Amino acid sequence: MQYWLMKSEPGEVSIDDLQNMPEQKVEWFGIRNYQARNFMRDQMKIGDLAIFWHSSCKEPGIYGIVEICSDAHPDSLQFDPNSDYYEPKSTTDKAVWWCVDVKFIKKTRYISIQELRTYPELEEMRVLQKGNRLSITPVTDKEWQFIGKLLDQKIKS
DNA sequence: GCCAACGTTGGC
DNA sequence: GCCAACGTTGGC
C-alpha cells in the first residue's frame, strides 16, 4: 500500500466536481509528463490512497482524500483529435499516455501550502520542494500519518 | 502576470 | 548525444 499526492487544477476537476461525478469517480486524464505517467502505470495499485491537491489556483493545498480505483489504462483523451490532450503518436495498440481512475473518499479541511511549510515533519515532502512541478508525487508513510493527525484537528491555532 | 525550475525539442 | 532555445508548471 502506497500513498500519493495528486494535483488537479480546480478549474478542470475540483474536489467538489469529483464528489458530484457519477459514482464519484474520474479518469485522471491529461497527464503529459513521463515521470507522473510512470507512477500511475507502474506503481499505483488499486486501493492506494492519495491526497487531493488543488494547484494553479488562488489557494493551493490539500482539499481531500481519494482512492485509486482502477488499474492503469490508456488516457482516453490522447485519441481525440479535438482535445488539447491529443497525442498523434498514440495508437489504440500502442498508447503513449496512461492513467488510473480515482474515487472520492472524503473532503478534508483545507490545509494551505504555507501551513504545511510550518511543520518540520514535512520539510522533505516532495510537493514542498523548491522547483517541484510534478503533478503526482509519492507520500511517505510518516508524512501520511502526520497529515492524518493534522486533519483530525478541527482548526490549527 | 512574473519568473524559477524543469522538461522537451531539434539542429548539429 | 550535446546543448541552446523554447515551452510548461505552478507558487507567489
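Throughout, protein chains are lettered first and strands after them, A, B, ... in sequence-line order, and every chain is numbered starting at 1. Quick caveat, the model's predicted, so the values are computed rather than measured.
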Can you find a side chain N or O atom of Arg133(A) that sits less than 4.0 Å from OP1 or OP2 on dC3(B)? no
Asp84(A) CG to dG7(C) P, in whole Å, measures 16 Å
If you measure from the Lys or Arg side-chain nitrogens to the Asp or Glu carboxylate oxygens, is any gap between Arg126(A) and Glu143(A) under 4.0 Å? no
Please report the distance, rounded to the nearest Å, between CD in Glu9(A) and C1' in dG10(C). 8 Å
Separation of His54(A) atom NE2 from dG11(C) atom C1', in whole Å? 16 Å
Measure from CD on Gln114(A) to P on dG10(C) and round the result to the nearest Å. 17 Å
Do the side-chain N or O atoms of Trp53(A) get closer than 4.0 angstrom to the phosphate oxygens (OP1, OP2) of dG11(C)? yes
Without decimals, in angstroms, what is the distance between Arg117(A) CZ and dG10(C) P? 14 Å
Have a look at Arg32(A) and say if it touches a base, only the backbone sugar-phosphate, or nothing, with a 4.0 Å heavy-atom cut-off. nothing
Given dG11(C), dG10(C), dG7(B), which nucleotide is nearest the side-chain atoms of Asn33(A)? dG7(B)
Do you know which two heavy atoms are closest between Ile136(A) and Met44(A), and how far apart they sit? CG2-CE, 3.8 Å
Nearest 0.5 Å, what's the CD-CG distance between Glu23(A) and Asp101(A)? 10.0 Å
To the nearest Å, give me how far apart NZ (Lys130(A)) and P (dT9(C)) are. 21 Å
In whole Å, what is the span from the CD atom of Gln35(A) to the P atom of dA5(B)? 17 Å
Tell me the interatomic distance from Tyr34(A), atom OH, to dT8(C), atom C1', rounded to whole angstroms. 15 Å
Could you pull out all residues at least two apart from Trp53(A) that satisfy ring-ring contact (aromatic ring centres under 6.0 Å, His included)? none
